[in-house]
Novice: 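Quick one: the structure is below, and I'll ask about it shortly.
These numbers were taken from a predicted model, which means no experiment stands behind them. Naming convention: chains lettered A, B, ... in sequence-line order (proteins, then strands); numbering from 1 in each chain.
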2 protein chains.
Amino acid sequence: MQANLQQDESRSPRYYRIYQALLSDIQQGSLKPGDVLPSEMHIAQSYGVAPGTARKAIDMLVDRGWVERQHGKGTFVRRADFSHSLARFFRLTDREGVQLHPKSELLDIRVVPGTTDICRHLDLSDDSELIEIERVRRVDEMPLLHEIIYLSQVRFQALLNLPPDAWGDLLYPLYEQVCGEVVFRATDTLSAGPVPASPAHHLGLSPGAQVIEIARLARGYDERPLEWRLSRGRLDWFHYSFDIR
Amino acid sequence: MQANLQQDESRSPRYYRIYQALLSDIQQGSLKPGDVLPSEMHIAQSYGVAPGTARKAIDMLVDRGWVERQHGKGTFVRRADFSHSLARFFRLTDREGVQLHPKSELLDIRVVPGTTDICRHLDLSDDSELIEIERVRRVDEMPLLHEIIYLSQVRFQALLNLPPDAWGDLLYPLYEQVCGEVVFRATDTLSAGPVPASPAHHLGLSPGAQVIEIARLARGYDERPLEWRLSRGRLDWFHYSFDIR
DNA sequence: CAGTGGTCTAGACCACACC
DNA sequence: GTGTGGTCTAGACCACTGA
């Protein structure tokens, strides 16, 4: 009956404060992917609540995809499953709507002064230095996409020292493992336009031909912009698919 | 080792069976959009379970978007909110990413024999008759999209008797009000291709010019295919935007 | 005021994993 | 066996709504 404890600082319910505490443990890294959480009873006792209340906090973590229950074993922090990162963020398909698995070739990485436009997208001051990455993504040697990627030089500096063979086909796992930055969501905007010289060359087009442009702004857990990306692809190989709910 | 088949007719938990029963009431229409559900206590008593169990069933309905709680008032079946239908299903934007609000002009509606391809998309037998609708969607008199839409003649027959002035800018509200069919989700697939004669004419292009093609399969609550739609738009006015999570 | 949903308790028994 | 999560009970008090 110590209902008094709860009164003051809490306008939010106990299960919600426990949820926030556990989530913070995960985001700060004191609970790492693959780690087991304390048992429900343990959490209940250490926060001084009934088991049902602790369970409700864990329910929230499960619903939001942070942890996974395993009956009889425990509750575990989910690994950022990058076998699914491709399926989540790469939406190009073949003619029949089947997901493609492109290979990536790094063309160039360098530090450039940011343009006003890009810095504004990334919520940076207008004169910030940016990391610019240029890539080609191929399926069966066919160049499907040409990509130019901009990142904050401050937050992604570690990428500059990577040996060439450390670059795989996916960037987002690299962002997490090398820079500790996790891409949580993204907004894609598709349009068409004439292709500049460098992408034209890598896509096997003459400059000025029409291409699809996919502009992407990717954000972290806290909604901060992390990456601005401009992908260009040939019209004739372009198939892009997704669900609306 | 007794086979502890609890001989409950159900291997599923009680809250889940209550969830299914309530959901079925909503889908069958005995609970209509805007209706209030029985109170949690009432549900608990009438199913013979504890209040917490009934509440958990309602939690599932809330999580999945079927009902909405209103503290102090009750729990209500959600209305399919067609003031947001446009924002949900129409993703064309202007150059700056701002949602467009197109006007629709009905060009033609007729009954046609279905092609194998389209009937298969709609889960109909190959020789089914279909309703074919042809529309143009304009913003400021500029023809933005040409659409051809296919529907089951059986389920959407009521559309054939509509007076021309009953056709507004949006079809999905019409499907619900006139035919009782609710579009719940859709899959869009974007690609590019040469434009046939009729769309070319309405979009102000010469036949064979490249256009964007948006193929959509829209489905109801129960995942049944409802509508197959092929929209074509000029490359130079094409901007399509959405979120990935 | 009575009725509703929102939170919380302190247990119970079951099913599953592992030793 | 013990310890875990999964389900369920039978209450309690609170906060909000509307008559």
Side-chain angles (χ1 to χ4, degrees), chain A residues 1-22 25-26 31 34-78, chain B residues 1-22 25-26 31 34-78:
Chain A
M1 322 299 148
Q2 72 282 54
N4 304 341
L5 252 178
Q6 122 189 12
Q7 274 182 341
D8 280 339
E9 359 271 319
S10 72
R11 293 274 27 121
S12 59
R14 301 191 198 187
Y15 70 82
Y16 187 70
R17 278 176 285 158
I18 296 174
Y19 157 73
Q20 286 179 313
L22 292 171
D25 288 345
I26 295 171
L31 281 173
D35 283 358
V36 62
L37 266 64
S39 77
E40 299 183 350
M41 273 308 292
H42 201 96
I43 290 175
Q45 282 164 7
S46 68
Y47 285 92
V49 298
T53 303
R55 188 173 172 81
K56 183 153 185 177
I58 299 169
D59 281 342
M60 290 187 67
L61 291 171
V62 173
D63 290 343
R64 288 163 174 66
W66 291 103
V67 302
E68 238 169 8
R69 290 201 172 96
Q70 290 187 42
H71 196 166
K73 299 180 69 175
T75 303
F76 299 82
V77 180
R78 275 182 60 176
Chain B
M1 230 20 156
Q2 304 210 2
N4 36 355
L5 293 176
Q6 300 302 10
Q7 76 126 318
D8 315 85
E9 50 278 70
S10 70
R11 306 278 347 134
S12 58
R14 301 192 204 193
Y15 70 83
Y16 188 71
R17 278 176 282 159
I18 296 174
Y19 156 74
Q20 286 179 313
L22 293 171
D25 288 346
I26 295 171
L31 281 173
D35 283 359
V36 62
L37 266 64
S39 76
E40 299 182 349
M41 274 306 292
H42 199 96
I43 290 176
Q45 282 163 8
S46 68
Y47 285 92
V49 299
T53 304
R55 187 173 173 82
K56 184 154 185 177
I58 300 169
D59 281 343
M60 290 188 67
L61 291 172
V62 173
D63 290 344
R64 288 162 175 67
W66 292 102
V67 302
E68 237 169 8
R69 289 202 173 96
Q70 291 187 42
H71 195 166
K73 300 179 69 174
T75 303
F76 299 82
V77 180
R78 275 181 60 177

Novice: As an exercise, state the distance from CD1 of A:I43 to CG of A:L22, rounded to the nearest 0.5 Å.
Specialist: 5.0 Å
Novice: Can we say B:R69 and B:E40 salt-bridge, meaning some charged N sits less than 4.0 Å from an Asp/Glu carboxylate O?
Specialist: yes
Novice: Working to the nearest 0.5 Å, report the span between CD of B:Q20 and CG of B:D25.
Specialist: 12.0 Å
Novice: Starting at OG of A:S39, measure out to NZ of A:K73 and round the result to the nearest 0.5 Å.
Specialist: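 Reported to 0.5 Å precision, the distance equals 16.0 Å.
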Novice: Are any of B:T75's side-chain N or O atoms less than 4.0 Å away from OP1 or OP2 of C:dG5?
Specialist: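 Looking at the OP1 and OP2 atoms of C:dG5, one of them is under 4.0 Å from a side-chain N or O of B:T75.
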Novice: Of A:K73 and A:V49, whose closest DNA chain C nucleotide lies nearer the 5' terminus?
Specialist: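 Nearest-nucleotide comparison on DNA chain C picks A:V49.
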Novice: Could you check B:G52 against B:E40 and say which one's nearest nucleotide on DNA chain C is further toward the 5' end?
Specialist: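 Residue closer to the 5' terminus by nearest nucleotide: B:E40.
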Novice: To the nearest 10°, give me the bend of the helix from C:dC1-D:dG18 to C:dC18-D:dG1, comparing the axes of its five terminal pairs at either end.
Specialist: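 Comparing the axis at each end, I get an angle of 10°.
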Novice: Would you say the side chains of A:Y19 and A:R64 form a donor-acceptor pair under 3.5 Å?
Specialist: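 A pair is found: one side chain offers a donor N or O, the other an acceptor, under 3.5 Å apart.
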Novice: List the steps and the verdict of side chain to side chain contact (heavy atoms under 4.5 Å, CB included) for A:V67 and A:I26.
Specialist: CA-CA 9 Å; A:V67 302; A:I26 295 171; 3.8 Å; yes
Novice: Please report the interatomic distance CZ(B:R14) to OH(B:Y47), rounded to the nearest 0.5 Å.
Specialist: 14.0 Å
Novice: Please report the distance, rounded to the nearest Å, between CZ in B:R55 and P in C:dG5.
Specialist: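 The answer, rounded to whole Å, is 8 Å.
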Novice: Could you check how far CZ of B:R14 sits from C1' of C:dC14, rounded to whole Å?
Specialist: 12 Å
Novice: Test your reading of the model: is there a side-chain donor-acceptor pair from B:T53 to the backbone of B:V49, 3.5 Å cut-off?
Specialist: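 Not a single qualifying donor-acceptor pair exists.
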Novice: Going 5' to 3' along DNA chain D, which nucleotides are the first and last within contact of chain A (any atom under 4.0 Å from a heavy atom)?
Specialist: D:dG3 to D:dT7
